[in-house]
Amino acid sequence: MNDYVHGYSDRESERLHDQADTLAELLHHDSVFPVKSKVLEAGCGVGAQTRIIAAKNPSCHFISIDISEPSLLQAQKLIQSLQIKNVEFQTGDIFNLNFDSEYFDHIFVCFVLEHLADPLRALDCLKRVLKTGGSMTVIEGDHGSAYFYPYSAAAQKAINCLVDLQAGRGGNSLIGRTLFPLLRQAGFINCTVSPRMVYADHNRMDLVEGFTKNTFTAMIEGVEQNALQNALISKQEWLQGIADLYRTAEEGGVFCYTFFKGKGIKCT
């Protein structure tokens, strides 16, 4: 994987867990796999999603891999602290998987493809270790789906800084809209994609706090240094943009964002 645009700080780890907690029902109410499946979680990071999907599927055996050993260590400590017994962690590279062909019943990939320069090749590599008739789940966001009230050109420019920085590293933070064609191009059949929209106003304070503030705006704040160093935005405009994003979490503000959950079956 190329350099992770959000970084590996303690704050980023906290943000990932806030995101997972806030979106658990939206993204994972249907993350239920066949009984006793052998599941590969590709790119588990600090285990924010691992703890949710493993707990929902206690009969399944998970092998969760990541290229970052410090992240894996955090994930392992977390899963042990929660006394979740059905997860095995391994250092692994999606493009060089150390598993036999047709090894897994299901593959789960969440918030990973957006960081890869060649997501189609990643799906091809993952498909090799999936059994014929096995299934794949892919979840991604799409920063182009973010819209909000009150509108702010500065806030939009701050968001665009993350989009541009990620693109500069070979990633694609607009990848959510491409999941259907990616799965089809990778040769999966019975492909389906369902949009999962977050809508946050003051009648939904859990989403205002958990998503608008602690997930999305925190994610944008995390690239401040890189955005300024690359002269993508002025310091004054950056501060205004972040303030305006927080304004959408105040009384009368609204924030919307859409995630996409794709599924497909391996036929050959």
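Atoms considered below: every heavy atom in the structure, side chains included; atoms not considered: hydrogens, waters and symmetry mates. The structure presented is a predicted model; accordingly, all values stated were derived computationally and were not measured.
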How long is the straight-line distance from [atom2] of [Y] back to [atom1] of [X], given to the nearest 0.5 Å?
X	Y	atom1	atom2	value
Leu23	Thr215	CG	OG1	6.0 Å
Glu114	Asn172	CD	CG	8.5 Å
Asp66	Leu73	CG	CG	12.0 Å
Ile94	Ile65	CD1	CD1	6.0 Å
Ile79	Ser64	CD1	OG	7.5 Å
Leu113	Glu140	CG	CD	4.5 Å

Side chains of [X] and [Y] in contact at under 4.5 Å (non-hydrogen atoms):
X	Y	answer
Val198	Phe255	no
Val129	Ile107	yes
Ile139	Phe260	no
Gln80	Gln83	no
Leu245	Ile220	yes
Cys110	Val112	no

Taking all atoms of both residues into account, what is the closest heavy-atom pair of [X] and [Y], and its distance?
X	Y	answer
Ala48	Ala20	O-CB, 3.4 Å
Pro195	Val193	CD-O, 4.0 Å
Ile53	Phe62	O-CZ, 3.6 Å
Cys44	Thr50	CB-OG1, 3.7 Å
Leu72	Gln90	CD1-O, 3.4 Å
Ala75	Gly45	CB-O, 3.6 Å

Side-chain heavy atoms under 4.5 angstrom apart, residues restricted to Ile, Leu, Val, Met, Phe, Trp, Tyr: same cluster for [X] and [Y]?
X	Y	value
Phe148	Ile242	yes
Phe95	Ile63	yes
Met197	Ile175	no
Leu26	Phe211	yes
Leu82	Val87	yes

Residues in side chain to side chain contact (heavy atoms under 4.5 Å, CB included) with [X], at least two apart?
X	value
Ser59	Val35, Lys36
Lys235	Glu224, Leu228, Leu239
Ala200	Leu207, Val208, Thr212
Ser145	Asp142, Tyr257, Thr258

Neighbour count >12 (heavy atoms, 6.0 Å) for atom CD, Gln229: yes
Residue Tyr103 excluded, over 12 heavy atoms near OH under 6.0 Å: no
Quick one: salt bridge (charged side-chain N to carboxylate O under 4.0 Å, His left out) pairs with a partner in [range], sequence neighbours left out?
range	value
residues 197-208	none
residues 252-261	Asp30-Lys261
residues 144-163	Lys157-Glu237
residues 119-133	Asp105-Lys131, Asp118-Arg121

Check: [X] side chain, [Y] main-chain N or O, donor-acceptor pair, under 3.5 Å:
X	Y	result
Asn230	Leu165	no
Thr22	Gln19	no
Ser152	Ala154	yes

Residues Thr248, Tyr149; criterion side chain to side chain contact (heavy atoms under 4.5 Å, CB included); working and verdict: CA-CA 6 Å; Thr248 70; Tyr149 180 84; over 6 Å; no
Please set out all donor-acceptor pairs under 3.5 angstrom arising from side-chain atoms of residues 181-192, sequence neighbours excluded.
none

Mutual orientation of the aromatic rings belonging to His143 and Phe216 [parallel < 30°, tilted 30-60°, perpendicular > 60°]: perpendicular
Candidate pair Asp164 and Arg169, rule salt bridge (charged side-chain N to carboxylate O under 4.0 Å, His left out), full reasoning: CA-CA 9 Å; Asp164 293 342; Arg169 297 174 187 231; over 6 Å; no
Side-chain hydrophobic cluster, 4.5 Å single linkage: members besides Val163: Leu174
Inter- and intrachain pairs under ring-ring contact (aromatic ring centres under 6.0 Å, His included), touching residues 17-40, at least two apart: His28-Phe108, Phe33-His106
Distance flag, aromatic centroids of Phe111 and Phe259, threshold under 6.0 Å: yes
Worked verdict on Leu232 versus Trp238 for side chain to side chain contact (heavy atoms under 4.5 Å, CB included): CA-CA 9 Å; Leu232 298 179; Trp238 175 267; over 6 Å; no
Pair Glu102-Thr132, side-chain donor/acceptor within less than 3.5 Å: yes
Modelled atom types, side-chain donor and acceptor of Glu41 and Gln49, under 3.5 Å: no
Stepwise side chain to side chain contact (heavy atoms under 4.5 Å, CB included) check, Val138 with Leu123: CA-CA 10 Å; Val138 183; Leu123 290 178; 4.3 Å; yes
Residues Leu126, Leu40; criterion side chain to side chain contact (heavy atoms under 4.5 Å, CB included); working and verdict: CA-CA 9 Å; Leu126 291 166; Leu40 172 64; 3.9 Å; yes
Set of residues satisfying ring pair (Phe, Tyr, Trp, His ring centres under 6.0 Å) with respect to Tyr147, sequence neighbours excluded: none
